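Bear in mind the structure is a predicted one, so any value in this text is a computation, not a measurement.
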Amino acid sequence: MKSKKKLIIIVSLLVVIAAAIAVVLIVMNKKDEYRLLKVFEVEGTANVARDGKGDIAPYVNMVLESGDKVSLDAGKLSIQADDDKFIYLEEQTEILLKASGNATDSKTQIEVLKGSITNDIQNKLTEDSTYEVNTPNSTMSVRGTVFFVIVYEIDGVRYTRICVFDGEVASKLVYKDGTVSANEVSVMKGKEVTIYEDGTTTDYVSEPTDIDYNTLPESVLLKLKGINDEGKDLSITNPEIIRILEGPYEVTFTYNGKVFGTQTVKKGEKVQEPKLSPASSGKWQYDFSKPVERDITIEWK
């Protein structure tokens with residue numbers, strides 16, 4: 001009888017131990033799973049390229065995988081990572097997603113292959129979490145912020161522009177051979193910085209400067225307005241955004257670095273060429289047949 005009881009106790013202990021091992025294995029396996037990465041919104045022409053499955057047409061609430069290449073040709077597309085991170089793609093944009101981790105150890109890496117994205121990280125990351133955005137010539141890490149990144153090329157020179165609307169972004173140069181600079185440049189709220197790579201040199205165009213909001217896409221300004229509506233205190237206010245989007249606009253004429261005159265123009269109207277000229281030779285560097293859509297400066301050369 002005693003031996004039977006002893007056997008039952010031993011079997012019970014083995015069951016408990018097996019259950020404990022199973023729980024540990026589940027937790028260990030889940031550590032490598034990213035808890036949420038999905039298409040939040042999509043309209044227009046977009047694609048998800050996945051290894052082993054080819055091209056997939058994205059849809060709302062589609063679960064994305066690490067390694068997916070997401071592209072937007074026309075329309076709009078946004079991605080939700082966790083409950084509090086959103087990635088908004090502009091048209092003609094292609095990104096590569098790399099994501100892993102668990103609730104306290106999330107790793108998010110976005111490779112911007114072309115085009116531009118706006119990032120909205122609503123809460124500060126945990127100590128063991130990371131959020132990185134990489135371009136061909138730079139890498140950025142953040143703890144919690146709202147920022148815009150665009151990759152573009154002019155005359156064979158590749159540029160990365162970073163605009164920070166809230167928080168701080170730490171940027172580093174990535175050289176042509178793939179090595180990363182040890183020096184870090186912090187881009188604070190309300191500032192922007194541009195990095196160039198011309199085939200031989202990778203460097204910053206200048207130190208961080210005030211953001212030129214007039215050169216941001218309208219869709220980005222509308223996103224910033226929506227984020228302000230949610231209670232954020234971004235570097236640009238909604239009245240300022242509305243004036244950029246709706247006007248009226250200030251047109252400034254300059255000669256030799258000094259203001260020659262100004263005009264106030266309604267959205268969609270044309271600026272009038274000044275009747276007086278600042279010099280006997282030269283001309284205003286502007287097409288006066290174009291309607292005005294933003295604040296502009298017109299220079300005499």
Check whether any side-chain heavy atom of Leu222 sits under 4.5 Å from a side-chain heavy atom of Leu245, and report yes or no. yes

Determine yes or no for a side-chain-to-main-chain donor-acceptor pair under 3.5 angstrom, with Asn119 supplying the side chain and Glu132 the backbone. no

Nearest 0.5 angstrom please: Leu97 CG to Arg50 CZ, how far? 10.0 Å

Please check this pair: side chain of Asn134 against backbone of Gln109, looking for a donor-acceptor N/O pair closer than 3.5 Å. no

With a 4.5 Å limit on heavy-atom distance, are the side chains of Ile241 and Asn228 in contact? yes

Intermediate values then yes/no, side-chain contact (heavy atoms from CB on, under 4.5 Å), Tyr152 and Ile154: CA-CA 7 Å; Tyr152 60 97; Ile154 299 176; 3.8 Å; yes

Residues clustered with Val63, ILVMFWY side-chain links under 4.5 angstrom: none

Residue pair Phe40 / Ser78, side-chain heavy-atom distance below 4.5 Å: yes

Atom pair CD/CG of Glu240 and Leu224 - distance to nearest 0.5 Å: 11.5 Å

Atom pair CD (Gln285) and OG1 (Thr297), whose distance is rounded to the nearest 0.5 Å: 13.5 Å

Tell me if a side-chain donor or acceptor on Gln263 pairs with a main-chain N or O of Gln272 at a distance below 3.5 Å. yes

Got a salt bridge between Lys191 and Asp210, using NZ or NE/NH1/NH2 to carboxylate O under 4.0 Å? yes

Would you call the rings of Phe147 and Tyr131 parallel, tilted or perpendicular if under 30° counts as parallel and over 60° as perpendicular? perpendicular

Output yes when a side-chain donor or acceptor of Glu91 lies under 3.5 Å from a complementary backbone atom of Gly75, and no otherwise. yes

Keeping the roles fixed (side chain from Asp82, backbone from Asp84), state whether a donor-acceptor pair exists under 3.5 Å. no

Contact check, side chains of Val60 and Val42, non-hydrogen atoms, under 4.5 Å: yes

Compare every heavy atom of Tyr213 with every heavy atom of Gly190, then report the nearest pair and how far apart it is. CA-OH, 4.1 Å

Verdict with reasoning, Leu37 to Glu65, per side-chain contact (heavy atoms from CB on, under 4.5 Å): CA-CA 7 Å; Leu37 189 67; Glu65 298 179 2; over 6 Å; no

Please step through side chain to side chain donor-acceptor pair (under 3.5 Å) for the pair Ser71 and Asp73, ending with a clear verdict. CA-CA 7 Å; Ser71 59; Asp73 291 331; 5.2 Å; no

Is it true that Glu94 and Lys114 have a side-chain N and a carboxylate O under 4.0 angstrom from each other? no

Is there side-chain contact between Met140 and Val187, with at least one heavy-atom pair below 4.5 Å? no

Phe260 and Ser277: which non-hydrogen atoms are nearest, and at how many Å? CZ-C, 4.0 Å

Salt bridge flag under 4.0 Å for residues Glu250 and Arg243: no

Can you name the residues that form a side chain to side chain donor-acceptor pair (under 3.5 Å) with Thr215, not counting sequence neighbours? Arg161

Within 6.0 Å of NZ in Lys176, more than 12 heavy atoms from elsewhere: no

Atom CG of residue position Asp287 - does it have more than 12 heavy atoms of other residues, nucleotides or ligands inside 6.0 Å? yes

With a sphere of 6.0 Å drawn around CG of Asp51, does it hold more than 12 non-hydrogen atoms of other residues, nucleotides or ligands? no

When you measure from the side chain of Glu153 to the backbone of Asp155, do you find a donor-acceptor pair of N or O atoms at a distance under 3.5 Å? no

Check: Thr135 side chain, Val112 main-chain N or O, donor-acceptor pair, under 3.5 Å: no

Mark yes when over 12 heavy atoms from residues, nucleotides or ligands other than Lys266 sit less than 6.0 Å from its NZ; otherwise mark no. no

Should the heavy atoms of other residues, nucleotides or ligands under 6.0 Å from NZ of Lys172 be counted, would the total exceed 12? yes

Quick one: do Ile95 and Ile79 satisfy side-chain contact (heavy atoms from CB on, under 4.5 Å)? Show the steps, please. CA-CA 11 Å; Ile95 65 173; Ile79 296 168; 4.0 Å; yes

Minimum side-chain heavy-atom gap Glu273-Trp284 below 4.5 Å: yes

Are there more than 12 heavy atoms of other residues, nucleotides or ligands under 6.0 Å from atom OH of Tyr204? yes

Between CG of Leu36 and OG of Ser106, what distance do you get to the nearest 0.5 Å? 11.0 Å

Do Thr160 and Asn137 pair up side chain to side chain, a donor and an acceptor below 3.5 Å, judged on atom types alone? yes

Can you give me the closest heavy-atom contact between Asp177 and Thr179, atom names plus distance? OD1-OG1, 2.7 Å

Using atom types as modelled and distance alone, determine if a side-chain donor or acceptor of Arg143 lies under 3.5 Å from a backbone N or O of Leu125. yes

When you measure from the side chain of Tyr249 to the backbone of Glu293, do you find a donor-acceptor pair of N or O atoms at a distance under 3.5 Å? yes

Counting only N and O atoms by type, is there a donor-acceptor contact under 3.5 Å from the side chain of Thr93 to the main-chain atoms of Ser116? yes

Ile110 side chain near Val149 side chain, heavy-atom distance below 4.5 Å: no

Determine whether Met62 and Ile56 make a side-chain contact, defined as any pair of heavy atoms from C-beta on separated by less than 4.5 Å. yes

Look at the aromatic rings of Phe288 and Tyr286 and report parallel, tilted or perpendicular, splitting at 30° and 60°. perpendicular

Check the pair Ile236 / Ile244 against side-chain contact (heavy atoms from CB on, under 4.5 Å), numbers first and verdict last. CA-CA 11 Å; Ile236 183 171; Ile244 293 175; 3.9 Å; yes

